[in-house]
Visitor: 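One structure is given below, represented as C-alpha cells, and several questions about it will come after.
Both counts, for ligands and for their atoms, begin at 1 and track the order of listing.
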Amino acid sequence: MIPALLRPLCAAAAASVDPDADVDALVPTNNPAHGDYQWNFAFRMAKARRENPRALAERLLPFFQGKPGIRDAQVAGPGFLNLFLDEAWLAATLVAQAADPAGGVAQSGLGKTVIVDFSSPNVAKRMHVGHMRSTHIGHVLVLLHRAAGYTVVGDNHIGDWGTPFGKLIVAWDRWRDEAAYAADPVGELERLYVKFGDATNTKEHPELDPAVVADLNDRARAETAKLQRGDPRNRALWEDFKSKSLAEYDTVYARMGVQFDEVLGESAYADGVDPIVDAMLASGQAELSEGAVILRDGKQVAVVRKKDGAATYTATDLACVRYRLDRWHPDRMVYVTDVRQAQHFAGFFRIAQGWGLSTELVHVGFGMLKLPEGTMSTRKGNVIRLVDLLDEAVAQARAVVDEKSARIPEAERAAIAEAVGVGAVRYQDLVQAPASDIVFDWKKMLAMDGNSAPYLLYSRARAASVLRRAADEGQAPAVADLRLDHALERELALALLRFPELVEVALRTAAPNLVAEAAYRLCEAFNRFYYELPVLTGGDARASRLALVQVADVALVRALGLLGLRALDRV
Ligand code: ARG
C-alpha cells in the first residue's frame, strides 16, 4: 500500500536500483519518531545483492528529499528509509480527498462492469441468520466496486427451480393448512417442506413404509417435471410460493438496507440450459455417460444433464454465465456463498473458461455460521430467524437510546434504534474475515460498545454535532483553514489519508473486514482528537480544527456508507 502521490517517488527510486524490481509497499509506522511510513526496499534489495543496506538506502534518499509531500527522509536502523510527510501537503491532500466524489479511492473500475451474485436464498424457506453473511459481504462488495468506479450489477440469484418445488407441491396437496398459509405464507411453506423431508427420511425414521416413501418421491419428481414443462396449475402454485417468499424477503432486505439490481433466480435460465449442454456435447467438451451428460475435469466429473433430462446446479450456472456475458459483457463476476460450494465454483469456472472467455470469475467463500451446538438446519428446526435477530438487536438498541437520549422525539428515537440495532448485527458479521467460521453468540452479535457499529455511528454523530453547533454560532467550516499543528490532528489526518488506500486493498482482496477495520481506526483517531482537543473553544485553533472535523465528517459518512451503515446526525 502506497499513498497515490508517493507512488512515483518509490517507483523512480526502485528503478534506479533495478528496473525490474518489485516496489515494496510503504509500511505505516506506529512511532512518529520513525516517520509516517517506512520503506524496506533498500534493505531487501541490498541483502539480495550482497550490498551494504545503509549505503544503498543513502543512495535512495535524493529520490525523496525535497520532493512535494515529503518533509524529511532519513535512513534508519540497518537500512530502512523513514519518510515524514509534509503537513501542508497532507492538509491539501485531505481537502482534495474530501472534495473528490470518489473520496480518494483509485478509479480502477472505470469503464468496467462487475456482476456480484449475492444473498441468493432458496425460496419457500424463511431467511435465517445463516443467510446474513452472503447478504452483508456481497452488499459491501457491491459498494466497494461502485466506489472504485465499476458499473455494478448486484444480482440475487435465488434458488427458485428444481426438485424442492415438486416436493412442495406434493406436500401442499396433502398437508396444507390454508389459514396458516394466509397468516404466514413462508412459515407454512417451510413447514410443508420439512414435513415432506420427514415423511421421506428413512434414515432418521426407519419405521417409514418404503413403498410410501418411494411413491412420495416419484410424485415429487413427476410434479417437478410437470412444473418444468409448464403445467398451468404447477406454474401458478410455483409463482405464488415464489412471490410470497420474495415479498417477505423484501421486507428483510429493506431493513438491512440492501438493494439488488436484478433478482434473476435459477428459473430465469431454465430455457438456456439445453442449448448449452447440446453445444458442449457437439463440441466434445461434454460426453454422454449412462444416459446423463457429463464433463470430465481431471479426476472430477461434473454432471450437466441428469438421466431424466433435468438440469443440474452446474448446468444452470453455466447458462447463467452465458446470459450475463451476452447481456452485460462483464469484466468480472463475483459469487458470494459459503465455502462448502468452493468446489462447485472452481469446477464450473474451469468449464466456462474452456469457452475462452476473458471475464474474471471469482468465488468469495465465507466460513460457516454455526450455533454452539452445531450447524443450523431448517430441517432440524434449530434455526434462528433473521428477523428475530434484527428485532432483538433493535429492542436492545432502543433501550439504550431511550435511556441516553430521552430528549429526542419518539419517532427519531425509533429510527436511531433501528439503524443502531440492524447496524450492530451487520458490523459484527462484517468485522470478521470472510473465511473464518463464526459461532453465533447473541451477546457478541448485539455488542453495542468496543469495535462495533454503535461506536462508529456515535463517533460520526459527534462530528455532525460539532458542525451543527458551529453552524448555530454562524460559523461554517472553511477547509482552506486546515492546519495540522498538533500530534493528534496529524494522527487523524494520517488515518484519513490511509482510508482510501485500505478501501483499495479491501476491494483487491474481497475483504470487507478491512473496511471495517479502517473505519474503526478512523473513528479511534477522531475520538482521540475530539476528546483531547477543544474545537469550538479552541481559540486560535478553532477554524483549523473545525476544518478538520469537516473533512473527517465527510470521510466518516463515506466509511459508514461503504459498510452499508446508515449515518446518524445525532444519537
Ligand atoms: N441458492 C444457492 C444456495 O442457497 C446459492 C446460489 C449462489 N449463486 C450461484 N450462481 N450459484 O446455496
Visitor: Decide whether Tyr193 and Asn122 meet the rule of one side-chain donor and one side-chain acceptor closer than 3.5 Å.
Guide: no

Visitor: Under 4.0 Å between a Lys/Arg side-chain N and an Asp/Glu carboxylate O for Arg324 and Asp117?
Guide: yes

Visitor: Considering only the protein, which heavy-atom contact is closest to atom 8 (N) of ligand 1, and what is its distance?
Guide: Asp117 OD1, 3.0 Å

Visitor: What protein heavy atom sits nearest atom 4 (O) of ligand 1, and how far off is it?
Guide: Ser120 O, 3.3 Å

Visitor: Does an N or O anywhere in Tyr335 fall below 3.5 Å from an N or O of ligand 1?
Guide: no

Visitor: Run the numbers for me: atoms of ligand 1, each under 4.0 Å from some heavy atom of Thr337, listed by number.
Guide: 7 (C)

Visitor: Does a sphere of radius 6.0 Å around CD in Glu207 hold more than 12 heavy atoms from other residues, nucleotides or ligands, not counting ones at 6.0 Å or beyond?
Guide: yes

Visitor: Could you walk me through whether Arg255 and Asp391 satisfy the salt bridge (charged side-chain N to carboxylate O under 4.0 Å, His left out) test, starting with their C-alpha distance in whole Å, then the side-chain angles of each, then the deciding distance to 0.1 Å, before giving a yes or no?
Guide: CA-CA 10 Å; Arg255 284 186 79 179; Asp391 285 346; 2.7 Å; yes

Visitor: Determine whether more than 12 heavy atoms belonging to other residues, nucleotides or ligands lie under 6.0 Å from atom CG of Asp326.
Guide: yes

Visitor: Measure from atom 3 (C) of ligand 1 to every heavy atom in Arg340, Lys125, Gln341, His363 and give the option owning the shortest one.
Guide: Gln341

Visitor: Can you tell whether the side chains of Arg233 and Asp173 come within less than 4.0 Å, N to carboxylate O?
Guide: yes

Visitor: Using distance alone, decide if ligand 1 has a nitrogen or oxygen within less than 3.5 Å of any nitrogen or oxygen in Asp317.
Guide: yes

Visitor: For atom 6 (C) of ligand 1, what's the nearest protein heavy atom and its distance?
Guide: Tyr313 OH, 3.3 Å

Visitor: In terms of atom number and element, which parts of ligand 1 are under 4.0 angstrom from non-hydrogen atoms of Asn122?
Guide: 1 (N), 2 (C), 3 (C), 4 (O)

Visitor: Which part of Phe348 is near ligand 1, with near meaning a heavy atom under 4.0 Å away: side chain, backbone, both or neither?
Guide: neither

Visitor: We want to know whether Ser119 and Tyr249 form a side-chain donor-acceptor pair, criterion being a heavy-atom distance below 3.5 angstrom.
Guide: no

